[in-house]
Amino acid sequence: MAGTVDGWKLVGEDIYQEWNFGVASAGRNLLARQNHLNAAGRQKLPKHILIHQTFIKHRTGYSKMADTENGTSAVAEPLDLVRLSLDEVVFVKLRGDRELRGRLHAYDSHCNLVLGEVEETIYVVDEDDDDTIRTVKKNSEMLFVRGDSVVIIATTG
Amino acid sequence: MADAAGESAPTSASKDPSSFLSEIHGAPITVKLNSGVEYKGELQSVDGYMNIALENTEEYVNGERKNRYGDVFIRGNNVLYISADK
């Protein structure tokens with residue numbers, strides 16, 4: 001038995017025993033958050049994992065977990081992943097060979113984003129120098145990104 | 001082409017694209033984008049825009065692995081296809 005999360009008992013000891021479960025939520029699947037250490041005892045950034053319902057043996061305390069006052073619930077739709085990254089540093093890949101790394105302050109369903117302390121990397125083909133790829137870096141204190149240029153949003157760490 | 005759908009692929013009880021997507025929940029998949037970049041990871045969820053949440057994701061550019069991410073959100077408009085890995 002891997003452990004109990006707010007009354008949710010889990011099977012599948014092989015996979016999950018290295019995780020410290022800090023967050024649980026409603027739905028048929030369960031969201032857990034890795035808080036501190038992996039199996040090697042190395043400190044990692046918090047990371048969310050979704051536990052498939054077949055690994056969950058018992059569900060109790062359901063209503064407690066449906067309560068989202070602590071701002072967490074299952075990754076029922078992809079944008080929930082973005083919500084879980086609020087106030088964390090994210091990596092964003094944009095159209096036009098641009099990448100951003102910054103703290104996610106806000107987002108909406110179009111993937112419009114507000115990022116703080118952003119480092120932007122632009123990949124440019126240098127035609128003067130045998131078409132090698134050159135990078136240009138820019139820093140911004142705060143950036144509003146229009147959603148239609150977003151390709152992926154990834155958590156870092 | 002008129003073969004019974006279930007014959008060649010035993011797991012394909014699916015009758016439409018969305019039941020295919022719900023069948024492969026939690027499974028390893030490959031997502032190819034219009035740019036040609038591929039993402040391999042475990043499918044967490046998909047929505048009606050074909051926005052995709054993946055975990056334990058690897059990014060492949062021209063067949064070479066370029067990056068690893070924990071969780072990735074892919075904006076649906078960039079998706080060319082979703083393929084269930086074996």
Side-chain angles (χ1 to χ4, degrees), chain A residues 12 15 27-34 38 44-55 73-85 88-97 99 101 104 107 109-113 123 133 145-157, chain B residues 11 13 17-62 64-85:
Chain A
I15 306 171
R28 291 174 67 78
N29 298 322
L30 170 65
L31 186 78
R33 184 182 167 105
Q34 180 196 35
N38 62 13
K44 293 185 79 176
L45 287 172
K47 179 181 184 293
H48 292 88
I49 58 166
L50 188 71
I51 299 171
H52 194 260
Q53 52 180 310
T54 52
F55 287 104
S73 73
V75 184
E77 59 169 44
L79 275 166
D80 290 343
L81 201 61
V82 183
R83 181 163 48 83
L84 292 165
S85 306
E88 306 210 13
V89 175
V90 293
F91 169 83
V92 182
K93 209 165 161 145
L94 300 176
R95 292 171 160 266
D97 300 318
E99 293 171 356
R101 194 177 292 276
L104 182 64
Y107 74 97
S109 60
H110 303 286
C111 291
N112 294 324
L113 308 173
Y123 294 88
I133 293 168
V145 184
R146 189 178 151 95
D148 63 357
S149 54
V150 171
V151 180
I152 67 160
I153 303 169
T155 56
T156 54
Chain B
T11 55
S18 67
S19 53
F20 165 73
L21 291 176
S22 54
E23 246 175 53
I24 60 172
H25 249 226
I29 61 163
T30 300
V31 180
K32 189 163 184 144
L33 305 189
N34 287 317
S35 61
V37 181
E38 289 183 308
Y39 292 91
K40 288 179 191 286
E42 290 152 45
L43 179 63
Q44 290 192 51
S45 63
V46 191
D47 67 13
Y49 296 108
M50 219 174 276
N51 293 328
I52 297 167
L54 288 180
E55 61 182 324
N56 297 325
T57 312
E58 297 178 327
E59 179 185 69
Y60 288 82
V61 182
N62 300 322
E64 280 176 57
R65 197 177 78 210
K66 291 289 178 191
N67 266 312
R68 276 188 171 188
Y69 308 107
D71 294 311
V72 168
F73 169 91
I74 302 173
R75 198 172 189 262
N77 67 307
N78 302 294
V79 174
L80 181 64
Y81 65 64
I82 302 169
S83 153
D85 292 344

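In the text below, chain A, chain B and the rest are named by the order of the sequence lines, each starting its count at 1. Quick note: numbers below take in every heavy atom, side chains included, and nothing from hydrogens, waters or symmetry partners.
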Engaged part of B/I52 at the chain A interface, taking heavy atoms whose separation is under 4.5 Å: backbone

Let's go through A/E77 and B/N51 carefully: what are the C-alpha distance in whole Å and the side-chain angles of both, what is the deciding distance for side chain to side chain contact (heavy atoms under 4.5 Å, CB included) to 0.1 Å, and is it a yes or a no? CA-CA 8 Å; A/E77 59 169 44; B/N51 293 328; over 6 Å; no

Nearest 0.5 Å, please: how far is CG in B/L33 from CZ in A/R95? 9.5 Å

Chain A heavy atoms under 4.5 Å from B/E59: which part of the residue, side chain, backbone, both or neither? side chain

Shortest non-hydrogen contact from A/V151 toward B/N78: CA-ND2, 3.3 Å

Of all heavy-atom pairs between B/F73 and A/L81, which one has the smallest distance, and what is that distance? N-CD2, 3.9 Å

Atom NZ of A/K93 and atom OH of B/Y39: how far apart are they, to the nearest 0.5 Å? 4.0 Å

All heavy atoms of B/N77 vs all of A/D148, minimum pair found to be ND2-O, 4.3 Å

Minimal non-hydrogen separation, B/S45 against A/P78, with atom names: OG-N, 3.1 Å

Sort B/Y49 into side chain, backbone, both or neither according to what part of it lies under 4.5 angstrom from a heavy atom of chain A. neither

When the 4.5 angstrom heavy-atom criterion is applied to A/V150 and chain B, the contacting part is both

Interatomic spacing from CD in A/E99 to CG in B/N67 - rounded to 0.5 Å: 7.0 Å

Heavy-atom nearest pair, A/H110 first then B/R75, reads O-NH2, 2.9 Å

